[in-house]
Amino acid sequence: MGGGGSQRALHRAREPRPGPCAIVRPLAASSVVDGFEDLTATDPPRFATHWSSTMTTTLSGPVRVRFAPSPTGNLHVGGARTAIYNELLVKSLGGAFILRIEDTDRERSDDAKTRQIIDAMHWLGISVDEGPFLQSERYARHSERAAELLSKGLAYRDFRSSEAIEEVRKRAHAEGVTLKSLAPEPTAEETERRLAAGDPSVVRFRMPEEEIVVHDLVRGDVSFPAEVHEDLVILRADGSPTYHLSVVCDDIDMAVDLVLRGEDHLSNTPKHIALFRALGATVPRFGHLPLILGADKKRLSKRTGATSVEEFQSQGILPQALYNYLVLLGWSPGDDREVMTKDEIVAAFTAARLGGSASVFDVDKLAWMNTQYMVNLSDDEFMPQAKTFLPAVGLAAEANSERMARALTLHRVRSANLVELAEQVGIYFSDEVEFDETLSRKYLRKDENLVSHLTELSRRFATSDFTVDALDGVLRALAEEVGVGAGALIHPTRMALSGSKSGPPLFDLVALMGSERTEARMAQYGEYLAALPPEAEG
RNA sequence: GGCCCUAUCGUCUAGUCUGGUCAGGACACCGCCCUUUCAAGGCGGCGACACGGGUUCGAAUCCCGUUGGGGCUACCA
C-alpha cells in the first residue's frame with residue numbers, strides 16, 4: 001500500500017506532499033508557541049529490547065509517538081501519565097514525541113486551556129520533539145481525505161437525521177440485530193435524488209464486515225467480531241470532520257507508528273484500523289493504558305479530589321515527585337526501586353512492564369513521594385521552586401535573603417509540601433506570635449518559677465553569641481543552676497519564639513531568629529504567662 | 001442490554017508467559033529506637049492471591065464459569 005495513492009479531491013487539489021509532516025503547520029498563536037522551545041529536546045536515537053507482556057514481540061525503536069489531549073480542561077493526571085509514558089518510550093527507544101492539540105470541537109476548546117496543558121507538561125519536565133500542532137488547522141486536509149473515501153466508494157452519504165438513526169439503533173439493540181440490517185445504506189438513485197434536492201447529509205464511513213484484531217502492546221491481541229462494527233460518521237452535516245477521521249488523518253500525516261493512549265480508546269481502535277486501511281496507510285502499533293481511579297474506585301473525578309496537574313502544582317507538590325509517582329502508577333521497574341531519577345527511569349523503562357489494570361490514585365503515597373523530594377532534592381533544584389510559594393504568604397521581599405535560605409533549609413524536611421513550607425518560615429519574618437494557653441499552663445505547672453527563669457534566660461541570651469553551641473550551653477547551664485530539666489526551659493522558649501510546640505531543634509530556631517526578635521518575644525511571652533488568669537477548678 | 005478490558009495486603013505493586021522459595025517491596029496504620037519537640041531516618045508488627053469448578057504429585061501462576069470494577073456503544077474528543 002502506498003502512502004496515499006491516487007487521490008481525487010472534490011474541491012481543491014493539494015500539491016503532492018514532500019514529506020510526512022510537511023503540511024503540518026505549527027501553532028499560529030504566538031502566545032502558545034512562546035516558551036515552548038524549553039519543552040523540546042533532542043536525544044540521540046537509541047535501541048533497546050522491549051517485551052510485550054503476552055507475546056514475545058520485541059518493540060524496537062526508533063518510534064514516532066504522540067500525545068493528543070483535547071483542550072477542554074486542564075491537564076488531567078491520567079493524560080499526564082500517558083504523556084510521560086510516550087516520552088519515556090522515545091527516550092529509551094529513540095524517535096520523536098509529537099504534541100497535537102485535538103481542538104476540533106471549537107465550542108468546548110479554549111486557547112487558555114491549550115496554554116495550560118503546555119505549561120503543565122513543561123512544569124512536569126516532559127519534553128516534546130515536534131509540535132504543538134493544532135488539529136483544527138487541518139480541517140481542509142481532513143475534508144479532503146473524507147472526499148477521497150467518498151469518491152472511492154468506501155464511504156457514503158447518509159440523509160437520515162441523528163434522531164432517526166438513534167431510533168433505529170435502539171430497535172436494533174433491542175432485537176439483538178445489527179443496525180445495518182434494519183437500516184441499509186441509501187441506494188445510488190436515492191443519493192443522487194436527495195443530493196440534487198439539496199437535502200442535508202452526513203458522510204458515513206462503511207466499516208468492513210470482518211473481524212478486526214488489535215495487536216495491543218499492553219493487552220495482547222484483542223479481537224472485535226464483525227457484527228459489532230457500525231458505520232461511523234466522518235463528516236457532519238455541516239461538513240466538519242469528526243474526531244475519528246481527524247485522528248487517523250493526522251496520525252498518518254505525522255507518520256505516527258505507535259499509538260499509546262488511554263483505555264477509553266480501545267473500543268474505538270477497530271474504527272481507526274479500518275480507516276487507516278481504507279486510506280491506504282500502514283496501521284500503527286497500539287497500546288492502551290488503563291484508566292486512573294479515585295479512592296472510590298470510580299474514574300478519577302473532581303468529586304474525589306484533585307485531578308489536574310495544575311492543582312497539585314498549586315498544592316505545593318514538586319514536579320519531580322508527581323512525575324515519579326505517576327510513572328509508578330501502572331509501571332514498575334521490576335525491582336524494589338521507587339524513588340528514581342528520571343535518568344534511572346529512562347534506563348529501566350520498557351513497555352512490557354506496563355500494567356493492564358486500572359489503579360487508584362493514592363494521595364497519601366504521593367505525599368510520601370513528595371516528602372522524599374522535599375528532603376533529598378539538591379538546593380539548586382529545590383530552592384527556586386520553594387521560593388515561588390513565598391509571595392503568596394507575603395514574603396516576596398525576603399525570598400532571596402540569607403535568612404530565608406537558612407529558614408527553608410531548616411524547615412523543608414518537616415513540611416509535606418511547598419505551601420506548608422512557606423507558611424512555616426513565616427515565623428522568622430513576622431512579629432505576630434500566638435501562644436497556646438493549654439500548653440502554657442502545662443509549662444507553668446512543671447516550673448512554678450518559669451517566668452523568672454525565662455527572664456533570666458533572655459538576659460543571658462542577650463549577651464551570648466547567637467550560635468547553636470553557645471545558646472545550647474547558656475540554656476543548659478541555667479537549667480542546672482536553677483534545678484530544672486533542660487526541657488522545662490526548652491519547650492516554653494520554643495512557644496515564646498514560634499507559638500508552636502514543635503519545629504526545628506530549638507537552638508537552630510533561636511540562632512536564626514536573632515537576638516532582637518528573641519528578646520522581644522521572650523519578654524512578650526513572659527508578660528503573657530504572668531497575665532494568665534488563674535486556673536478554673538474542675 | 002451488547003461488545004471489550006480487568007482482578008495479589010485498605011492502596012501502589014513484584015511474582016503469572018517458562019506451575020514447585022513461610023507470596024517480596026512500598027504507602028497508610030500500630031509499636032520500638034534515635035531525640036529538647038516535630039519531622040526525617042532505623043527496626044519490628046498487622047495485612048492479599050475475588051469466588052467456584054477443573055488439569056496436575058503440586059496452581060497466585062494453565063483452562064472453564066461466576067461475581068466485582070472499568071471502558072465503549074454520538075453528527076463529543
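Below, read A as the first sequence line, B as the second, and so on, with proteins coming before strands; counting in each chain starts at 1.
Between A:R337 and A:E344 there is no salt bridge, since none of the side-chain N atoms of the basic residue sits less than 4.0 Å from a carboxylate O of the acidic one. Remark: A:E480 does not engage A:R476 in a salt bridge, criterion side-chain N to carboxylate O under 4.0 Å. Salt-bridge check for A:E167 with A:R171: failed, with every basic side-chain N at 4.0 Å or more from each acidic carboxylate O. Salt bridge absent: A:D199 and A:R157 never bring a charged side-chain N and a carboxylate O closer than 4.0 Å. Electrostatic pairing of A:R100 and A:D251 counts as a salt bridge here, judged by a charged N lying under 4.0 Å from a carboxylate O. Taking 4.0 Å as the cut-off between side-chain N and carboxylate O, A:R138 and A:D250 count as a salt-bridged pair.
Taking every side-chain heavy atom of A:S357 into account, B:A7 is the closest of B:G70, B:A7, B:C75. Listed candidates were B:C4, B:U37, B:G71. Nearest to the side chain of A:D264 is B:G71. Side-chain atoms of A:P225 lie closest to B:C3 of the nucleotides B:U36, B:C3, B:C27. Listed candidates were B:C38, B:U36, B:G71. Nearest to the side chain of A:R494 is B:U36. Among the nucleotides B:U36, B:A26, B:C3, the one closest to the side chain of A:K365 is B:A26. Closest to the side chain of A:S359, out of B:U13, B:U6, B:U37, is B:U13. Of all nucleotides listed (B:U36, B:A40, B:A28), B:A28 comes nearest to the side chain of A:W368. With B:A28, B:C75, B:A14 as the choices, the nucleotide that has an atom nearest any side-chain atom of A:S332 turns out to be B:A14. When distances are taken from the side chain of A:N268 to each of B:G25, B:U11, B:A77, the shortest belongs to B:A77. Distance from the side chain of A:D362 is smallest for B:C27 among the nucleotides B:C27, B:C75, B:G15.
Within the nucleic acid shown, A:S70 comes within 4.0 Å of sugar-phosphate atoms alone, with no base atom in reach, counting heavy atoms only. Using a 4.0 Å heavy-atom cutoff across all strands shown, A:R337 reaches no nucleic acid atom at all. A:H173 comes within 4.0 angstrom of a nucleotide base, judged by non-hydrogen atoms across all strands. Residue A:R160 is in base contact, counting any heavy-atom pair closer than 4.0 Å across all strands shown. Within the nucleic acid shown, A:L506 comes within 4.0 Å of at least one base atom, counting heavy atoms only. Nucleic acid contact for A:E338: base, since at least one base atom lies under 4.0 Å from a heavy atom of the residue. Within 4.0 Å (heavy atoms only), A:G330 reaches sugar-phosphate atoms of the nucleic acid but no base atom. The residue A:A237 sits close to a base: some heavy atom pair falls under 4.0 Å. Across all strands, A:P505 comes closer than 4.0 Å to base atoms (heavy-atom distances). At a threshold of 4.0 angstrom between heavy atoms, the contacts of A:G503 include nucleobase atoms, whether or not backbone atoms are also involved. Within the nucleic acid shown, A:S500 has no heavy atom closer than 4.0 Å to any nucleic acid atom. Within the 4.0 angstrom heavy-atom criterion, only backbone atoms of the sugar-phosphate kind lie near A:T371; the bases stay farther away.
Contact record, A:H142 with A:C249: CD2-CB, 3.5 Å, taken as the closest heavy-atom pair.
Note on A:R299: a side-chain N or O is less than 4.0 Å away from OP1 or OP2 of B:G71. Proximity of A:K297 to the phosphate of B:U11: a side-chain N or O atom is located under 4.0 Å from OP1 or OP2. Considering only side-chain N and O atoms, A:R353 lies nowhere under 4.0 angstrom from the phosphate OP1 or OP2 of B:U16. Within the 4.0 Å cut-off from OP1 or OP2 of B:A74, at least one side-chain nitrogen or oxygen of A:R169 is found. OP1 or OP2 of B:G41 lies within a sub-4.0 Å distance of a side-chain N or O belonging to A:Q372.
Each of A:E163 and A:P504 was matched to the nucleotide of RNA chain B holding its nearest heavy atom; the match closer to the 5' end belongs to A:P504. Between A:F361 and A:H244, the one whose closest nucleotide on RNA chain B sits nearer the 5' end is A:F361.
In summary, the side chains of A:N268 and A:Y243 do not present any donor paired with an acceptor at a separation below 3.5 Å, with no hydrogens or angles considered. At a cut-off of 3.5 Å, with distance as the only test, no side-chain donor of A:T467 or A:D469 sits close to an acceptor on the other residue.
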Using a cut-off of 4.0 Å between protein heavy atoms and nucleotide atoms, how would you tag nucleotides 43-48 of chain B 5' to 3' with B, S and -? ------
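Checking B:C29 for Watson-Crick or G-U wobble geometry (two distances, each under 3.5 Å) identifies B:G45 as its partner. Nucleotide B:A50 forms a pair with B:U66, judged by Watson-Crick or G-U wobble geometry with both contacts under 3.5 Å. With a cut-off of 3.5 Å on both pairing distances, the Watson-Crick or G-U wobble partner of B:C72 is B:G2. Figure legend. B:A39 is base-paired to no nucleotide; pairs are counted as Watson-Crick or G-U wobble with both atom distances under 3.5 Å.
A:F276 and A:F286 have perpendicular rings, their planes meeting at more than 60° on a 0 to 90° scale where under 30° would count as parallel. Using cut-offs of 30° and 60° on the angle between ring planes, the pair A:H272 and A:H244 is tilted.
The only member of A:R206, A:R204, A:K180 that meets salt bridge (Lys or Arg N to Asp or Glu O under 4.0 Å) when paired with A:D158 is A:R204.
Atom pair A:D335:CG and B:A26:C1' shows a separation of 12 Å (rounding to whole Å applied). Atom CD of A:Q424 is separated from atom P of B:A40 by 12 Å (rounded to the nearest Å). With rounding to whole Å, A:L410 atom CG is found 16 Å from B:U36 atom P. Atom CE in A:M207 sits roughly 13 Å away from atom P in B:A74 (whole-Å rounding). Note: NE2 (A:H265) to C1' (B:A77) measures 7 Å, nearest angstrom. Following rounding to the nearest Å, A:Y323 (OH) and B:C12 (P) show an atom-to-atom distance of 21 Å. Rounded to whole Å, atom P of B:C5 lies 12 Å from atom NE2 of A:H288. Between the C1' atom of B:A14 and the CG atom of A:L328 lies a distance of 12 Å, rounded to the nearest Å.
Less than 4.0 Å separates RNA chain B from at least one heavy atom of each of the following residues of residues 227-234 of chain A: A:V228, A:V233.
Outside the 6.0 Å centre-distance limit, the rings of A:F382 and A:Y373 are not counted as a close aromatic pair.
B:A48 sits 12 Å from B:U11 when the C1' atoms are compared, rounded to a whole Å.
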